[in-house]
Enquirer: 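A single structure is presented below for examination.
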Number of protein chains: 2
Amino acid sequence: MLGGGKSERRITLAEVASLAQVSSTTASLVLNNREAGIPAVTKDRVTAAAAELGYRANASARALRRRRTESIALITDAIATTPYAGEIILGAQEYAWSHEHLLYIVDSNGSAEVELAAVEAMLDRQIEGLLFAAMHTRRIALPAPASAVPTVLINCFLDPDEATAVEVLPNDRAGEDTATSLLINAGHTRIALINGDTGTYAWIERRRGFLDALHRHGLQPDETLIREGNWLPDGAYQLTMQLFAEPDPPTALVCANDRSAYGAYDALRSLGLRIPKDVSVVGYDDQEISRFARPALTTMALPHYELGRRGCELLFSGQRMSPTRELIDCPSRIRDSVAPPSITASAASTRNT
Amino acid sequence: MLGGGKSERRITLAEVASLAQVSSTTASLVLNNREAGIPAVTKDRVTAAAAELGYRANASARALRRRRTESIALITDAIATTPYAGEIILGAQEYAWSHEHLLYIVDSNGSAEVELAAVEAMLDRQIEGLLFAAMHTRRIALPAPASAVPTVLINCFLDPDEATAVEVLPNDRAGEDTATSLLINAGHTRIALINGDTGTYAWIERRRGFLDALHRHGLQPDETLIREGNWLPDGAYQLTMQLFAEPDPPTALVCANDRSAYGAYDALRSLGLRIPKDVSVVGYDDQEISRFARPALTTMALPHYELGRRGCELLFSGQRMSPTRELIDCPSRIRDSVAPPSITASAASTRNT
DNA sequence: TTGTATGCGTTATCAC
DNA sequence: GTGATAACGCATACAA
């Protein structure tokens, strides 16, 4: 398999040296910019010879000798399921590239077995660092051999008990705080939270952020306005219908993800309520289509690219990797789904009480 | 940068051989399953020693010697901009993995300079094959050095003049034919095409497929029903409004991409037309949100994963790579946006003539 | 059946 | 300043 292409043998350092009439030692010195005080003439002869022959160092030989491969690896779960999460890869790759490193990538599909095998395959290849990334923020376990090499976790984290790695996570808490504050600053006081399933990082942190915002603005959270769906439009649709069937409905909805916001949109529309005139809505995740929704959805973006980039940066920073958790802010995407509460809507809701 | 991890020195073959009390030759033979007629006892001693020490071959040394790295590279443009296009990476990576190869990845961001540098960096590392992938189907140019190694183009193609590579592309033509046929089989005869900008592969092929379907079913294409937008909702919105402002409007819309379909949805909704009761709509691309749209959009999926996988498979197949173009079918996603034309709608359109 | 010797291409050591 | 020479870890031709 994988037979060869135009296999012209590659030029070796020895050939360059020979053409330049120096030893390969000198050639190596020159081509690696080891300022060992080599006269310019010699230098020029070597570089000229290298250029003429189109010499490029054999990375395998160099790696064997130097014990450095200038490669790192990124191990992910389920790349494909999350649109735009691929930007994590991009961020990591671009940072690595800008530091003369290349990136290997393996998607484990969530299989611990594959993860382990992948780490071993990478270590065999003498990679210099390891990046683990999850497409949805979640807890993971590190394959044991990973400890042989600096490791950074991107959008995932270890069991706090054995938290022994550098972690980079989106600041969902601050993000939902921001989103909620958008509503509060617009004048809303009865704000519902449509969350997803219980237990995940996003669920916990976004809920916290929601409550943070209320508290900071001196608003009492109303537990009856905090609901749990399934992160999907249909769940949010149901919840929205319920919320507005009850007395004193909210004037604004914090949907913990965009998909839920779409469900809420549908529900509100079928109730004859206008967005944002009658009800304001914010989402989370900034899915592509949110920009095109009508009205365009105000939401928080996940900093996928930045997570990948920063994770890689931390890996390269090479400080003796004291276990830390770094939070990356989620930028807001302010669009058209938020407005001040309408008199009538709030009056109506008051009347219903 | 990138200082070390727990740098326990790795076990070498020599150490295994020494523990097993054989020469490194024998150890090598055993561990590489070279059935050179080595007695089971010796074999066992070696494998036991290797296991005990946790020996794993140094891939750099092996690559230097064998001249094979068991690595390939994927060079992409703009991974991030297309949701789900990342599946190309996944498909390629999984196929490579299942054949004991690892995948390097570089995103060139469309820069020819980066592409060239990437190819050279990859060749330095003695990769065995090269994959080029574009996130939107398009023509690309291959950096010259790429010819040193087998190369496959995924979702992109060369200038036909110098078509000298293996190409794997989505069969947009057959796909749009299928989509259009869905409408025709439902009974529609006045079908409009809302296409994107002029000139791209998708534009050309989807248009062809649309016409193919009409012809095959004995329908005369009506040029006034073939419109060009901008692949975006707003363009499709305008076009839809125009189409339905004219006499004898269509009863069904073939939108050449899902985003256009969303724009059409909005336009139809604002015209008070119901989907699919009054007007049927099909899209193309199967964006995530199409599943959640109301009604759920019938559309064609791009076979990203399969493109990546098949591309990699062709690379490995290693046939002397005669330049070929292989088309991968786009699976249909049949949902709720297609229905037979309503009597009133078709009656109305006839009346208007 | 197994071991010795050599080379893969590069870099490091240490003379000159 | 420059050049032999050895060594990185492994695989193989050849010898025994």
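Worth saying up front: this structure is predicted, and the values here are computed from it rather than measured. Labels below follow one simple rule: chain letters A, B, ... track the order of the sequence lines, proteins then strands, and each chain is numbered from 1.
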Enquirer: Would you mind reading off the distance between A:K43 atom NZ and D:dG1 atom C1', rounded to a whole angstrom?
Expert: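 Interatomic distance, NZ of A:K43 to C1' of D:dG1: 12 Å.
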
Enquirer: Over how many whole Å does the gap from A:L29 atom CG to C:dC14 atom P extend?
Expert: 15 Å

Enquirer: Step through the shown structure and confirm whether more than 12 heavy atoms of other residues, nucleotides or ligands are within 6.0 Å of CD on A:E326.
Expert: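 Enclosed.
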
Enquirer: In whole angstroms, how far is the P atom of D:dT12 from the CZ atom of B:R68?
Expert: 9 Å

Enquirer: Could you give the CD-to-C1' distance, from A:E15 to C:dG9, as a whole number of Å?
Expert: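 It works out to 11 Å between those atoms.
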
Enquirer: Checking all strands, does B:A63 fall into the base, sugar-phosphate, or nothing category for heavy-atom contacts under 4.0 angstrom?
Expert: nothing

Enquirer: Taking 4.0 Å as the cut-off, does a side-chain nitrogen or oxygen of B:S28 come that near to OP1 or OP2 on D:dC10?
Expert: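 For D:dC10, OP1/OP2 do not have a side-chain N/O of B:S28 under 4.0 Å.
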
Enquirer: Do B:R325's NZ or CZ and the ring of B:F157 fall within the cation-pi criteria of under 6.0 Å and 45°?
Expert: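 Yes.
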
Enquirer: Taking A:E128 for the side chain and A:E70 for the main chain, is one N or O donor matched with an acceptor at less than 3.5 Å?
Expert: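 A pair under 3.5 Å: yes.
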
Enquirer: For A:A59 and B:T26, take the nucleotide of DNA chain C holding the closest heavy atom to each; which residue's nucleotide lies nearer the 5' end?
Expert: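 By nearest-heavy-atom nucleotide position, the 5'-most residue is B:T26.
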
Enquirer: Using five base pairs at each end, measure the axis-to-axis angle across the helix from C:dT1-D:dA16 to C:dC16-D:dG1 and round it to 10 degrees.
Expert: 40°

Enquirer: The criterion is salt bridge (Lys or Arg N to Asp or Glu O under 4.0 Å); which residues satisfy it with B:E306, sequence neighbours excluded?
Expert: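 Salt bridge (Lys or Arg N to Asp or Glu O under 4.0 Å) check on B:E306 returns nothing, list empty.
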
Enquirer: Do A:R62 and A:N32 have side-chain N/O donor and acceptor atoms under 3.5 Å apart?
Expert: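 Side-chain D/A pair, A:R62 to A:N32: present.
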
Enquirer: Quickly work out the A:R66 CZ to D:dG9 P distance and round it to whole Å.
Expert: 16 Å

Enquirer: Side-chain donor-acceptor pair under 3.5 Å between A:S23 and A:T26, yes or no?
Expert: yes

Enquirer: With a cut-off of less than 4.0 Å, is there a side-chain N or O of A:T42 near OP1 or OP2 of D:dT2?
Expert: yes

Enquirer: For D:dC10 and B:R62 - does any side-chain N or O of the residue sit under 4.0 Å from the phosphate oxygens OP1/OP2?
Expert: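 No, outside the criterion.
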
Enquirer: State whether a side-chain donor-acceptor pair under 3.5 Å links B:T137 with B:N155.
Expert: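 Checked: B:T137/B:N155 side chains pair up, N/O donor to acceptor below 3.5 Å.
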
Enquirer: When you measure from the side chain of B:N109 to the backbone N and O of B:S111, does any donor-acceptor pair fall under 3.5 Å?
Expert: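 No; zero donor-acceptor contacts below 3.5 Å.
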
Enquirer: What's the closest nucleotide to the side chain of A:P39 if the choices are D:dA11, D:dG1, D:dC10?
Expert: D:dG1

Enquirer: So does A:L315 get a backbone contact from the side chain of A:S317, meaning a donor-acceptor N/O pair under 3.5 Å?
Expert: no

Enquirer: Whole angstroms only, please: what is the CD-C1' distance between A:E70 and C:dT11?
Expert: 14 Å

Enquirer: Identify the pairs formed between an N or O of the protein and an N or O of nucleotides 4-8 of chain C at a distance under 3.5 Å, and give each distance.
Expert:
{"from": "C:dT4", "atom 1": "O4", "to": "B:T25", "atom 2": "OG1", "distance (Å)": "2.6"}
{"from": "C:dG7", "atom 1": "N2", "to": "B:R65", "atom 2": "NE", "distance (Å)": "3.4"}
{"from": "C:dG7", "atom 1": "N2", "to": "B:R65", "atom 2": "NH1", "distance (Å)": "2.7"}
{"from": "C:dG7", "atom 1": "N3", "to": "B:R65", "atom 2": "NH1", "distance (Å)": "3.2"}
{"from": "C:dC8", "atom 1": "O3'", "to": "B:R67", "atom 2": "NH2", "distance (Å)": "3.3"}

Enquirer: What contact category does B:L13 fall into here, base, sugar-phosphate, or nothing, at under 4.0 angstrom with non-hydrogen atoms?
Expert: sugar-phosphate

